[in-house]
Amino acid sequence: MAAEPEVLDELHRLRARVPQLTGALAASVDGLVLAHDTPGVEPEGVAALTAAALGVALRMADATGQGEFRELLVRGVNGYVATYAAGASAVLTLLAQDRVNVGRLHLEGRRSGTRIGELVEAATARGELVTPPARAAPAPSRSRTARGMPRRPTTPTPNTPTASES
């Protein structure tokens with residue numbers, strides 16, 4: 001995306017304005033990373049979770065008659081995760097320490113969300129690629145299953161040729 005450097009600059013400026021931010025990420029509404037400044041956090045995972053949370057937030061706002069999605073705030077023991085609309089096709093997710101001034105977080109998050117939305121929409125209007133091309137997913141671990149249990153050795157089924165038979 002040609003707007004990626006501009007979006008990344010906006011994320012850096014936002015983190016400078018709100019020192020209690022520990023990360024900032026711009027993503028498409030379908031969970032693809034556009035730009036990120038998230039030290040120590042996997043941006044692809046956060047973007048995917050943001051898309052899932054966004055889906056629930058959109059449905060909740062609609063079901064309760066609250067109108068179009070604007071923002072979502074999650075408070076954990078160690079801090080906040082805030083997601084803001086960034087135009088029609090992007091979102092801004094911020095990670096903040098527990099001691100952040102939430103009013104300031106909202107003020108700056110909303111401003112940056114608006115700016116990022118403008119950058120993404122301008123790139124779209126110019127016909128530029130808005131979401132990065134899909135990357136190959138890392139190969140799954142061969143030693144553990146999804147539940148963390150050791151895998152059992154697999155044996156070929158009868159009538160299935162093995163590498164030495166072909």
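The figures here come from the full heavy-atom set of this structure, side chains too, leaving out hydrogens, waters and symmetry mates. These numbers were taken from a predicted model, which means no experiment stands behind them. We number each residue from 1, following the sequence as shown.
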[X] and [Y]: which non-hydrogen atoms are nearest, and at how many Å?
{"X": "Val120", "Y": "Ala90", "result": "CG2-CB, 4.2 Å"}
{"X": "Ala35", "Y": "Val7", "result": "CB-CG1, 3.7 Å"}
{"X": "Gly31", "Y": "Ala47", "result": "O-CB, 3.3 Å"}
{"X": "Leu92", "Y": "Gly109", "result": "CD2-O, 3.5 Å"}

Would you please name every residue forming a side-chain hydrogen bond (donor to acceptor under 3.5 Å, both in side chains) with [X], sequence neighbours left out?
{"X": "Arg13", "answer": "Glu10"}
{"X": "Arg104", "answer": "Glu108"}
{"X": "Glu118", "answer": "none"}

Which residues pass the side chain to side chain contact (heavy atoms under 4.5 Å, CB included) test with [X], not counting sequence neighbours?
{"X": "Pro39", "answer": "Arg15, Asp37"}
{"X": "Glu121", "answer": "Ala88"}
{"X": "Val46", "answer": "Leu25, Val41, Thr50, Thr93"}

- [ ] Just grab all the ring pair (Phe, Tyr, Trp, His ring centres under 6.0 Å) pairs involving residues 33-57, residues at least two apart or on different chains.
- [x] none

Task: Selection residues 93-114 - residue pairs positive for ring pair (Phe, Tyr, Trp, His ring centres under 6.0 Å), sequence neighbours left out - done: Tyr84-His106

Task: Straight-line distance of Asp9 CG to Leu11 CG, nearest 0.5 Å - done: 9.0 Å

Open item on the list: For the CD atom of Glu71 and the CZ atom of Arg110, what is their distance to the nearest 0.5 Å?
Closed with: 4.0 Å

- [ ] Output every pair passing side-chain hydrogen bond (donor to acceptor under 3.5 Å, both in side chains) with a member in residues 51-65, not counting sequence neighbours, ordered by first then second residue.
- [x] none

Task: Remaining members of hydrophobic cluster (4.5 Å side-chain criterion), Leu72 - done: Val29, Leu54, Leu58, Phe69, Val91

Open item on the list: For residues Leu107 and Val102: do they belong to one hydrophobic cluster (side chain heavy atoms under 4.5 Å, members Ile, Leu, Val, Met, Phe, Trp, Tyr)?
Closed with: no

Open item on the list: If hydrophobic clusters are built from ILVMFWY residues whose side chains come within less than 4.5 Å, do Leu49 and Leu94 share one?
Closed with: no

Open item on the list: Holding to salt bridge (Lys or Arg N to Asp or Glu O under 4.0 Å), I want the full list of residues that pass it with Glu42, two or more places apart in sequence or in another chain.
Closed with: none

Task: For Asp98, salt bridge (Lys or Arg N to Asp or Glu O under 4.0 Å) partners two or more places apart - done: Arg75

Open item on the list: Consider side-chain contact (heavy atoms from CB on, under 4.5 Å). Of Asn78, Val81, Leu21, which one does Leu95 pass it with?
Closed with: Val81

